[in-house]
Amino acid sequence: MGMEYKGAQSHLASGSWTTVVTAATGKSNVIKLAQATNVTSSAATLNLAVSASGGHFYVAKEVSINTQASYVAVDDPIVLEAGHKLEAECLNINNGLDLVVSYLQVSSSIA
């Protein structure tokens with residue numbers, strides 16, 4: 001079994017979901033931290049969800065983040081199985097939120 005720590009960053013678009021992390025075939029991702037920072041002079045609104053068959057399953061829904069503030073959306077592990085995605089959007093300001101994600105990618109192989 002191989003394990004590797006990784007990170008992902010994204011400027012979140014307004015009104016559309018951005019895929020931040022996708023678990024590849026034969027791998028799982030353990031999301032350790034997801035932090036959104038408002039980089040504007042107005043309040044910004046965050047949606048963060050796991051996308052799997054059946055739609056979006058919210059981790060954070062319509063969370064208002066004050067100007068120049070940060071919000072930790074994930075601080076306990078969330079497991080993404082193969083094909084699952086961590087997706088986010090800023091509802092009201094294009095590129096209003098920066099999202100940083102730290103995760104552990106685990107691959108299982110039978111030798």
Side-chain angles (χ1 to χ4, degrees):
M1 177 183 307
M3 293 184 270
E4 182 178 1
Y5 279 102
K6 295 189 168 215
Q9 305 80 34
S10 185
H11 300 294
L12 300 182
S14 177
S16 65
W17 289 99
T18 299
T19 299
V20 183
V21 176
T22 302
T25 301
K27 299 184 185 215
S28 295
N29 292 340
V30 181
I31 307 297
K32 304 289 279 179
L33 174 79
Q35 178 173 303
T37 300
N38 183 338
V39 295
T40 70
S41 59
S42 300
T45 305
L46 170 71
N47 275 342
L48 182 70
V50 172
S51 175
S53 59
H56 286 106
F57 300 91
Y58 286 90
V59 175
K61 184 166 175 48
E62 297 182 12
V63 175
S64 181
I65 303 172
N66 289 330
T67 180
Q68 307 299 310
S70 296
Y71 173 75
V72 176
V74 175
D75 62 357
D76 282 323
I78 294 176
V79 176
L80 301 181
E81 296 179 6
H84 293 181
K85 301 174 184 178
L86 183 68
E87 297 186 326
E89 69 176 335
C90 180
L91 291 177
N92 57 335
I93 303 170
N94 199 39
N95 294 323
L97 294 172
D98 285 350
L99 184 68
V100 176
V101 177
S102 296
Y103 63 100
L104 178 66
Q105 185 177 70
V106 180
S107 61
S108 58
S109 60
I110 299 172

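The first residue of the sequence shown is numbered 1, and numbering continues consecutively from there.
- Side-chain atoms of Ile78 and Val50, non-hydrogen and from C-beta on, do get closer than 4.5 Å to each other.
- Residues satisfying the side-chain hydrogen bond (donor to acceptor under 3.5 Å, both in side chains) test with Asn92, not counting sequence neighbours, are none.
- Residues Val63 and Leu97 share a single hydrophobic cluster, defined by chaining ILVMFWY side chains whose heavy atoms lie under 4.5 Å apart.
- Taking the side chain as every heavy atom from C-beta outward, Glu62 and Leu91 approach each other to under 4.5 Å.
- Between the CD atom in Glu89 and the CG atom in Leu12 there is a gap of 9.0 Å [rounded to 0.5 Å].
- By the criterion of side-chain heavy atoms lying less than 4.5 angstrom apart, applied directly or through intervening Ile, Leu, Val, Met, Phe, Trp or Tyr residues, Val59 is not grouped with Val30; the two fall into different hydrophobic clusters.
- Evaluation of the side-chain hydrogen bond (donor to acceptor under 3.5 Å, both in side chains) rule for Ser14 yields no partner, not counting sequence neighbours.
- Between Ile93 and Ser42 the shortest side-chain heavy-atom distance falls below 4.5 Å.
- Shown here for Ala8 and Val21, the closest heavy-atom pair between the two residues is CB-CG2, 3.9 Å.
- Side chains of Asn38 and Asn66 form no contact here, defined as non-hydrogen atoms less than 4.5 Å apart.
- One distance of note links CD of Gln35 with OG of Ser102; it measures 9.5 Å at 0.5 Å rounding.
- Contact between Ala24 and Ala82 at its shortest, heavy atoms only, is O-CB, 3.5 Å.
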Quiz prompt | side chain to side chain contact (heavy atoms under 4.5 Å, CB included) between Leu48 and Leu99, worked out | solution = CA-CA 10 Å; Leu48 182 70; Leu99 184 68; 4.1 Å; yes
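- Between Ser70 and Thr37, the closest heavy-atom pair is OG-OG1, 2.8 Å.
- Closest of all the heavy-atom pairs between Glu81 and Ser28 is CA-OG, 4.3 Å.
- When side chains are defined from C-beta on, Asn29 does not count as touching Val106, because their heavy atoms never get closer than 4.5 Å.
- One hydrophobic cluster holds both Val79 and Met3 under the rule that ILVMFWY side chains link at heavy-atom gaps under 4.5 Å.
- Just one of Asn94, Asn95, Asp98 meets the side chain to side chain donor-acceptor pair (under 3.5 Å) condition when paired with His11; it is Asp98.
- The side-chain contact (heavy atoms from CB on, under 4.5 Å) search around Glu87 returns Trp17, Thr19, Ser51, His56, Lys85, not counting sequence neighbours.
- Using a 4.5 Å heavy-atom cutoff, the side chains of Leu33 and Val100 are not in contact.
- Taken together through direct or relayed side-chain contacts under 4.5 Å among Ile, Leu, Val, Met, Phe, Trp and Tyr, Tyr58 and Leu46 form parts of separate hydrophobic clusters.
- For the residue pair Ile65 and Ala36, the shortest heavy atom distance occurs at CD1-CB, 3.9 Å.
- In this structure, the separation between NZ on Lys27 and CD on Gln105 is 4.5 Å, given to the nearest 0.5 Å.
- Under the 4.5 Å side-chain contact rule for hydrophobic residues, Tyr71 and Val74 share a cluster.
- Under the 3.5 Å distance criterion, the side-chain polar atoms of Thr67 are matched with a main-chain donor or acceptor of Thr40.
- One finds the NZ atom of Lys32 at 14.0 Å from the OH atom of Tyr103 (value rounded to the nearest 0.5 Å).
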